2 protein chains.
Amino acid sequence: MLENLNKIQLQNPVDQIIAQIRDLIISGTVKPGEKLPPERKLAEHFGVSRSHVREAISKLQVYGILKVQPQSGTIVNGIGIVALEGLISNVLKIEKTDFNALVDTRALLEKEAARLAAINRNADDLVEMHNALELFEKKMAKDHVAIEEDLLFHIKIAEAGKNSVLKSMMMIITPDIVKSFTTLKVCNKDNANKSISQHRNILERISAQDPEGAVEAMKVHLDEVIQFSKKKS
Amino acid sequence: MLENLNKIQLQNPVDQIIAQIRDLIISGTVKPGEKLPPERKLAEHFGVSRSHVREAISKLQVYGILKVQPQSGTIVNGIGIVALEGLISNVLKIEKTDFNALVDTRALLEKEAARLAAINRNADDLVEMHNALELFEKKMAKDHVAIEEDLLFHIKIAEAGKNSVLKSMMMIITPDIVKSFTTLKVCNKDNANKSISQHRNILERISAQDPEGAVEAMKVHLDEVIQFSKKKS
DNA sequence: ACTTAAAAATTGGTTGACCAATTATTGGTT
DNA sequence: AACCAATAATTGGTCAACCAATTTTTAAGT
């Protein structure tokens with residue numbers, strides 16, 4: 001019976017449009033920063049009315065995958081998490097005990113992502129992680145804070161791990177925690193250098209294909225977040 | 001500058017409607033399981049057209065907070081950790097399901113749940129897990145298959161672990177995997193006895209407050225699932 | 001008073017027309 | 001050929017009317 005319910009949902013036009021837009025993006029037909037075809041064109045192509053397309057786009061905006069620019073077009077987001085900022089804490093109103101559970105679960109997922117990255121990473125992944133780390137260092141050197149660049153580095157690790165479910169789960173909870181921790185933490189040169197050094201250690205262990213070392217480096221990096229969050233109670 | 005952008009967004013009618021619907025739920029004015037006022041009434045009350053209300057409701061559906069029943073009304077699922085399962089489920093729907101990634105992620109979550117259960121379980125938890133195991137054994141003895149009872153045992157372990165986020169994630173991915181594995185597996189007396197014995201070992205380690213032993217017992221239990229999945233590819 | 005069927009009202013779903021803002025094209029000038 | 005202003009086309013945003021399904025109300029029968 002539950003299976004029948006799922007099947008019906010999968011046939012809903014909006015979900016089908018979401019799946020097809022996702023395929024456009026995954027296949028590289030439309031790249032980050034580029035515009036999707038206009039709503040009317042998509043509606044024509046899918047054989048549905050514009051409302052369906054608008055609803056699909058609106059939902060994909062929640063996921064951070066698309067960004068709508070009125071009277072101009074709909075752009076594909078590069079890292080897919082911009083709109084997820086504050087998603088969990090603000091919208092869902094997570095209680096304190098549940099927030100601690102979020103932090104602990106994030107640590108579990110991130111350590112596993114680092115371990116898998118050390119096992120499964122390839123040369124392209126290393127370039128991506130390295131580039132993300134450089135962006136992070138550059139921003140940190142300038143501002144002592146670098147939320148999006150911090151997230152991007154963690155996302156690149158998850159991608160190198162090659163487990164899409166793990167990555168999706170991390171995408172739900174990591175942005176919120178990174179943001180709230182960064183907002184409250186003291187941002188100075190010492191803390192910035194510590195973060196940079198920790199990120200470097202993680203990437204080094206992943207490059208060296210050392211799963212246990214990567215887990216340990218990630219643990220060191222996250223311990224401060226964990227202690228800080230527990231202290232808040 | 002990014003801050004200014006956020007401020008503009010906060011004034012957008014759809015976001016305001018989302019905030020007000022959230023407040024209705026948080027304040028207890030509308031409780032989980034109850035219906036929101038109809039779209040037309042909400043639109044009138046907020047002084048906007050129905051499209052705005054529909055868009056807000058559609059987004060809150062993505063967050064897992066609301067569930068729309070066509071021609072009937074819009075029901076409140078809940079807010080906080082209750083909604084998280086819906087959100088996780090919706091986000092996972094966007095990705096193409098990689099069964100191996102699901103199985104590996106489930107293994108990670110279940111091992112951690114067992115570890116936390118060994119640490120955090122109390123006397124009530126032990127009773128619940130023990131009762132669930134008895135139900136499982138009774139069904140297995142009779143039918144050699146016991147999907148719901150199997151699942152209940154795993155849920156009780158997650159509850160004993162006292163991490164609500166972990167439990168939510170498990171609730172999303174464990175049922176499908178238990179179900180599909182059980183469907184394909186040979187169900188006979190030997191396999192039934194093996195499953196029973198494995199469940200007993202897990203509970204014993206949890207009772208004994210042995211986190212590492214619990215992780216190992218869960219690993220043994222899940223290795224068969226993992227190997228089976230890898231063989232399928 | 002209770003039950004049942006039919007009618008009416010209400011509900012979310014869908015559509016095409018219109019609106020305001022942006023982008024592309026056209027025509028004129030240097 | 002390059003530049004600029006005006007015009008036209010295109011874009012996402014908004015709206016009211018209509019549709020199909022569910023719920024509520026009404027009327028008739030026992």
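All chains are named by letter (A, B, ...) in the order of the sequence lines, taking the proteins before the strands, and each is independently numbered beginning at 1. On a predicted model such as this, the values are computed, not experimentally measured, just so you know. All heavy atoms count here, side chains included; hydrogens, waters and symmetry mates do not.
A salt bridge links A:D125 and A:K162; the closest N-O separation between the charged side-chain nitrogens and carboxylate oxygens is under 4.0 Å. With respect to the salt-bridge test (charged N to carboxylate O, under 4.0 angstrom), the residues A:E137 and A:R200 qualify. Using a cut-off of 4.0 Å between Lys/Arg side-chain N and Asp/Glu carboxylate O, B:R40 and B:E44 are scored as not salt-bridged.
Nucleotide C:dT30: paired with D:dA1 (Watson-Crick or G-U wobble, both distances less than 3.5 Å).
Across all strands shown, B:V68 has heavy atoms under 4.0 Å from sugar-phosphate atoms exclusively, and none from any base.
Between A:S72 and C:dT22, a side-chain N or O to OP1/OP2 separation shorter than 4.0 Å is absent. Dashed line: the shortest gap from a side-chain N or O of B:H52 to OP1 or OP2 of D:dC15 is under 4.0 Å. For the OP1/OP2 pair of C:dG12 and a distance below 4.0 Å, the side-chain nitrogens and oxygens of B:R50 include no atom meeting the criterion.
For the pair A:I57 CD1 and D:dG13 P, the interatomic distance rounds to 9 Å; values are reported in whole Å. Atom NZ of B:K67 and atom C1' of C:dT11 are 16 Å apart (whole Å). If you measure from atom CD of B:E39 to atom P of D:dC15, you get 14 Å, rounded to the nearest angstrom. Summarising the geometry, the separation between CZ on A:R54 and P on D:dT14 is reported as 7 Å, rounded to the nearest angstrom. What separates CD of A:Q61 from P of D:dG12 is a distance of 12 Å, to the nearest Å. One interatomic measurement links the two molecules: CD of B:E44 to P of C:dG12, which rounds to 13 Å at whole-angstrom precision. Taking atom CD of residue B:E55 and atom P of nucleotide D:dG12, one finds them 14 Å apart after rounding to whole Å.
Picking from D:dG13, C:dT14, C:dT11 the nucleotide with the shortest atom distance to the side chain of A:Q71 gives D:dG13.
Along DNA chain C, the nucleotide nearest to A:K35 and the one nearest to B:P37 differ in position, and the one closer to the 5' end is contacted by B:P37. Residue order along DNA chain C, read from the 5' end via each residue's closest nucleotide, puts A:S49 first among A:Q69 and A:S49.
Side chain to side chain, B:T174 and B:E110 meet the donor-acceptor criterion of an N or O pair below 3.5 Å.
For A:R40 against D:dG12, a side-chain-to-base donor-acceptor contact under 3.5 Å is present.
In this structure, A:H199 and A:H154 have perpendicular ring planes: the angle between them is above 60°, well past the 30° mark.
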